[in-house]
Number of protein chains: 2
Amino acid sequence: MSPARTDHDSRRQDVSEAVWQVLAEHGFGGLTMRAVAAALGSSTGLLTHYFAGKRELIAHALDILEVRTAQRPRQAAPAPGLAALRTQMLNILPLTPDAAAMNRIWVGSWDVALSDPDLFAAQSLRYERIRAGLRTSIEDAQRVGELPDGDSGRLATTVLAFTHGLVVQALFDPERLPAATQTRLVDDFLAALTR
Amino acid sequence: MSPARTDHDSRRQDVSEAVWQVLAEHGFGGLTMRAVAAALGSSTGLLTHYFAGKRELIAHALDILEVRTAQRPRQAAPAPGLAALRTQMLNILPLTPDAAAMNRIWVGSWDVALSDPDLFAAQSLRYERIRAGLRTSIEDAQRVGELPDGDSGRLATTVLAFTHGLVVQALFDPERLPAATQTRLVDDFLAALTR
DNA sequence: GCGTACATGCCAAACGTTTGTTATGTACGG
DNA sequence: CCGTACATAACAAACGTTTGGCATGTACGC
């Protein structure tokens with residue numbers, strides 16, 4: 001059929017990273033086809049060659065974002081349970097410049113997602129997946145007595161709420177909330193949960 | 001100077017509410033001069049008569065937003081301390097359709113605020129004011145033994161993080177987080193803090 | 001092997017629309 | 001009349017998208 005002259009998927013990823021770069025710097029309000037093309041050093045024609053339109057550009061960029069956040073290369077996977085939960089929370093927080101850039105995009109996406117039905121649904125799904133991940137760690141922790149019994153679903157909601165709320169504050173006041181302080185707040189929070 | 005034919009300030013407020021209405025429906029990405037004028041039932045010429053440009057329109061609308069959130073007409077001011085803290089948290093949450101609309105704007109503003117230095121500074125200040133309000137309630141609660149001693153500033157950060165994180169989740173999944181469930185999560189959270 | 005046929009990768013330019021802003025015109029109370 | 005309060009209309013710039021074309025590669029009958 002079509003032995004590709006260039007690797008299609010890898011090119012799509014290049015484009016997505018250019019989108020990413022523009023978003024981190026100018027937010028969704030500054031995301032334009034021309035800006036992405038400039039960041040990529042190409043023409044807007046290239047973009048439409050790999051993506052149907054601006055809409056798909058955004059959607060694909062957000063998909064990549066979720067995966068990267070979950071698979072952030074942090075210290076080796078800890079023991080399941082409370083330690084794993086802690087690692088999951090730290091993986092989300094903007095503890096490094098790179099993580100801060102990703103979170104800026106993540107937070108910025110909420111405006112578009114709240115106004116676009118498709119992106120809204122995708123974002124809701126993403127949240128559910130994240131909560132599911134937290135929940136299994138919570139249930140592991142409960143099984144070994146690291147956390148008191150209780151509705152693990154509600155607890156996952158609480159943990160995610162705290163984490164994302166901390167993300168927002170850290171983005172708007174990075175000097176008051178450096179990495180060490182964020183970690184401290186997470187540990188205090190988890191200590192309160194263990195009663 | 002000018003015995004005004006119309007009340008200048010009241011007209012500015014009318015404009016701001018039109019801005020508000022557009023933001024709640026289409027987000028910051030859909031905020032245009034013409035959309036605001038249409039929502040107001042006027043021309044764009046009116047807008048420029050009261051505001052220098054789009055920038056000032058946004059800034060003023062966000063100022064109003066903060067004031068309204070803080071002064072939301074909820075049940076009469078409770079006793080200072082833990083009860084007051086609880087009320088402050090409930091005042092923020094999207095427990096009513098009106099509050100949900102305000103939160104949609106609030107959350108949406110983060111994208112622009114993160115990319116615009118002026119709005120960024122204004123937003124940071126707003127957060128500090130909110131935390132200060134929470135902090136006095138926390139210290140009151142600590143004084144009467146409703147909360148264990150500890151850094152009230154860090155605790156305020158934790159409370160605000162949880163609250164705003166809950167706002168985001170509630171906006172993206174209103175069916176899973178109706179008003180009653182949100183209130184329940186707040187009470188569970190506060191119970192955990194009281195150890 | 002080779003030349004035709006065709007698909008792919010990409011650019012440059014142009015399309016029509018929408019944007020924020022500004023200039024001009026009109027109505028009218030003081 | 002003069003200045004305020006708007007509407008109307010125009011403006012250049014920027015927007016997302018479409019188009020035509022030029023390469024450059026593979027596929028295949030011969």
Side-chain angles (χ1 to χ4, degrees), chain A residues 1-23 25-62 108-109 111-112 115-119, chain B residues 1-23 25-62 108-109 111-112 115-119:
Chain A
M1 286 283 199
S2 59
R5 193 165 67 206
T6 68
D7 185 351
H8 201 85
D9 286 342
S10 121
R11 213 87 176 101
R12 277 175 64 100
Q13 188 172 332
D14 290 346
V15 174
S16 287
E17 271 180 48
V19 172
W20 228 47
Q21 184 180 329
V22 172
L23 286 178
E25 199 162 346
H26 301 104
F28 278 80
L31 179 69
T32 67
M33 295 285 172
R34 292 174 222 273
V36 174
L40 190 66
S42 72
S43 69
T44 64
L46 185 149
L47 305 181
T48 62
H49 188 71
Y50 289 97
F51 295 92
K54 188 181 182 181
R55 209 57 154 292
E56 290 201 6
L57 257 182
I58 296 177
H60 192 250
L62 290 183
S109 76
D111 180 50
V112 242
S115 307
D116 182 300
D118 290 341
L119 293 179
Chain B
M1 282 281 208
S2 56
R5 195 163 68 208
T6 69
D7 184 351
H8 201 84
D9 286 342
S10 120
R11 213 90 176 98
R12 275 174 67 99
Q13 188 172 334
D14 291 347
V15 174
S16 286
E17 270 181 48
V19 171
W20 225 48
Q21 184 179 329
V22 173
L23 286 178
E25 198 162 347
H26 301 104
F28 278 79
L31 180 69
T32 67
M33 295 285 172
R34 286 163 172 81
V36 173
L40 190 66
S42 72
S43 68
T44 65
L46 187 151
L47 305 181
T48 63
H49 189 71
Y50 290 98
F51 294 93
K54 188 182 182 181
R55 208 54 156 289
E56 290 202 6
L57 257 181
I58 296 178
H60 192 250
L62 289 183
S109 75
D111 180 50
V112 242
S115 307
D116 182 298
D118 290 342
L119 293 179

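Chain naming here is simple, since letters A, B, ... match the order of the sequence lines and numbering starts at 1 in each. Nothing here was measured: the structure is a model prediction, and the numbers come from that model.
Checked against side-chain hydrogen bond (donor to acceptor under 3.5 Å, both in side chains), His26(A) has no partners two or more places apart in sequence or in another chain. The salt bridge (charged side-chain N to carboxylate O under 4.0 Å, His left out) test applied to Glu17(B) returns Arg68(B), not counting sequence neighbours. Qualifying side-chain contact (heavy atoms from CB on, under 4.5 Å) partners for Ala18(A), counting only residues two or more places apart in sequence or in other chains: Val36(A), Ala39(A), Leu40(A).
A distance-only check finds a donor-acceptor pair linking the side chain of Asp111(A) to the backbone of Phe28(B) [under 3.5 Å].
The distance from the CG atom of Leu62(A) to the OG atom of Ser16(A) is 9.5 Å, given to the nearest 0.5 Å. Between atom CG of residue Leu31(A) and atom OG of residue Ser115(B) there is a gap of 10.5 Å, rounded to the nearest 0.5 Å.
Legend: side chain to side chain donor-acceptor pair (under 3.5 Å) pairs involving residues 39-57 of chain B, not counting sequence neighbours, sorted by first then second residue: Arg55(B)-Asp116(B).
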- prompt: How does protein reach along nucleotides 10-22 of chain C, written 5' to 3' as B (base within reach of a heavy atom under 4.0 Å), S (only sugar-phosphate), or - (no contact)?
  reply: BB-------BBBB

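When the C1' atoms of four end pairs are superposed on the next four at each end of the helix from dG1(C)-dC30(D) to dT19(C)-dA12(D), using five pairs per end, the two resulting axes differ in direction by 10°, to 10°.
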